[in-house]
Amino acid sequence: MNEKRRQLAILLSALPLFLLSGCGSAGKRKSAEKKTGETGASSSSPFARNLEATQKGKDVVIYALGLIGVDYRFGGKNPEAGLDCSGMVSYIYRMAARHTLTGSAADMAKKGRAVRPERIRPGDLVFFNTQSRPRSHVAVYIGDLRFVHAPSTNGQVRIDSLENTYYRTRFEEARTYFD
């Protein structure tokens, strides 16, 4: 466990540099926006790419990235014991945004405000039907069509893409919990 804490400390100390490095590429971003339109979504994708996050959304993303590699455990609610998808989201929102969000993925989907795919911002939640049940999986959107989640497949918190055929065909909705 000390190794995971060390890795988390390294990641969190390097993350501000990673986030700030995006500030130096405004020229590239502008040309990408011209190609993709005002929403930041490409013509082939209904999803947002680079909408600005709220401060709480940024905090949620940073915290979510720090959990990459944590083991999956059904019913898990903290990194030491392992996390499932809703336990991961609940933990992140409580720790990073001081926002209480509990229950299953389906319960979480009943809260917050619906967001059109082209308006998803980092820190918002994305919901999928992965078990032949509506909203059976939840993840934290981190931007650029990517999300952090705790899938049972391969057993660790990881990053995946909304462009991945598996997730694109199972996407159901996005919700925001911040203004």
Residues in side-chain contact (heavy atoms from CB on, under 4.5 Å) contact with T165, at least two apart in sequence or another chain
R168, T169

If the condition is side chain to side chain donor-acceptor pair (under 3.5 Å), which residues does R73 pass it with, not counting sequence neighbours?
none

Identify the two heavy atoms, one from A106 and one from P134, that lie closest to each other, and give their separation to 0.1 Å.
CB-O, 4.3 Å

Contacts of type side chain to side chain donor-acceptor pair (under 3.5 Å), residue R113, not counting sequence neighbours
none

What's the verdict on side-chain contact (heavy atoms from CB on, under 4.5 Å) for L65 and I159, showing C-alpha distance, side-chain angles and the deciding distance?
CA-CA 8 Å; L65 291 170; I159 296 174; 3.9 Å; yes

Side chain to side chain donor-acceptor pair (under 3.5 Å) against D107, all qualifying residues, sequence neighbours excluded
S104

Tell me if the CZ atom of F74 is crowded by more than 12 foreign heavy atoms within 6.0 Å.
no

Taking only residues two or more places apart in sequence, or in another chain, which ones meet A53 in a side-chain contact (heavy atoms from CB on, under 4.5 Å)?
K58, P122

Search all heavy atoms of D84 against all heavy atoms of G75 and return the closest pair with its distance.
OD2-N, 2.9 Å

Quick one: closest heavy-atom pair of S86 and A105, and the distance?
CB-N, 3.8 Å

Where do F178 and R121 come nearest, in terms of heavy atoms and distance?
O-NH2, 4.0 Å

Which pairs pass salt bridge (charged side-chain N to carboxylate O under 4.0 Å, His left out) with one or both residues in residues 122-139, sequence neighbours excluded?
R135-E173

State which residues pass side-chain contact (heavy atoms from CB on, under 4.5 Å) with K77; sequence neighbours excluded, sorted by chain then number.
none

Between OG1 on residue T153 and CG on residue D160, distance to nearest 0.5 Å:
9.5 Å

side-chain hydrogen bond (donor to acceptor under 3.5 Å, both in side chains) partners of residues 87-96, not counting sequence neighbours, each pair once:
none

Intermediate values then yes/no, side-chain contact (heavy atoms from CB on, under 4.5 Å), Y166 and T130
CA-CA 9 Å; Y166 179 82; T130 59; 3.7 Å; yes

For the student: nearest non-hydrogen atoms of C85 and Y72, plus distance
N-CE1, 4.4 Å

Looking only at atom types and distance, does a side-chain atom of N78 sit under 3.5 Å from a main-chain N or O of E80, one as donor and one as acceptor?
yes

Test side-chain contact (heavy atoms from CB on, under 4.5 Å) on L125 and L101 and set out the steps.
CA-CA 11 Å; L125 300 184; L101 189 58; 3.6 Å; yes

I'd like to know whether M88 forms a side-chain contact (heavy atoms from CB on, under 4.5 Å) with V148, so could you lay out the CA-CA distance, the side-chain angles of the two residues, the decisive distance to 0.1 Å, and finally the verdict.
CA-CA 10 Å; M88 181 197 78; V148 172; 4.1 Å; yes

Please tell me if the side chains of M108 and F127 come closer than 4.5 Å, counting only heavy atoms from C-beta onward.
yes

Pairs where residues 142-161 contributes a residue and the test ring-ring contact (aromatic ring centres under 6.0 Å, His included) is met, not counting sequence neighbours:
F128-F147, H137-H149, F147-H149, F147-Y167, H149-Y167

Apply side-chain contact (heavy atoms from CB on, under 4.5 Å) to A174 and list each qualifying residue two or more places apart in sequence or on a separate chain.
V115, I120, V126, F171

Between G123 and V140 the two heavy atoms that sit nearest each other are CA-CG1, 4.3 Å

Taking T102's backbone N and O only, do any of them form a donor-acceptor pair with K111's side chain (distance below 3.5 Å, no angle check)?
yes

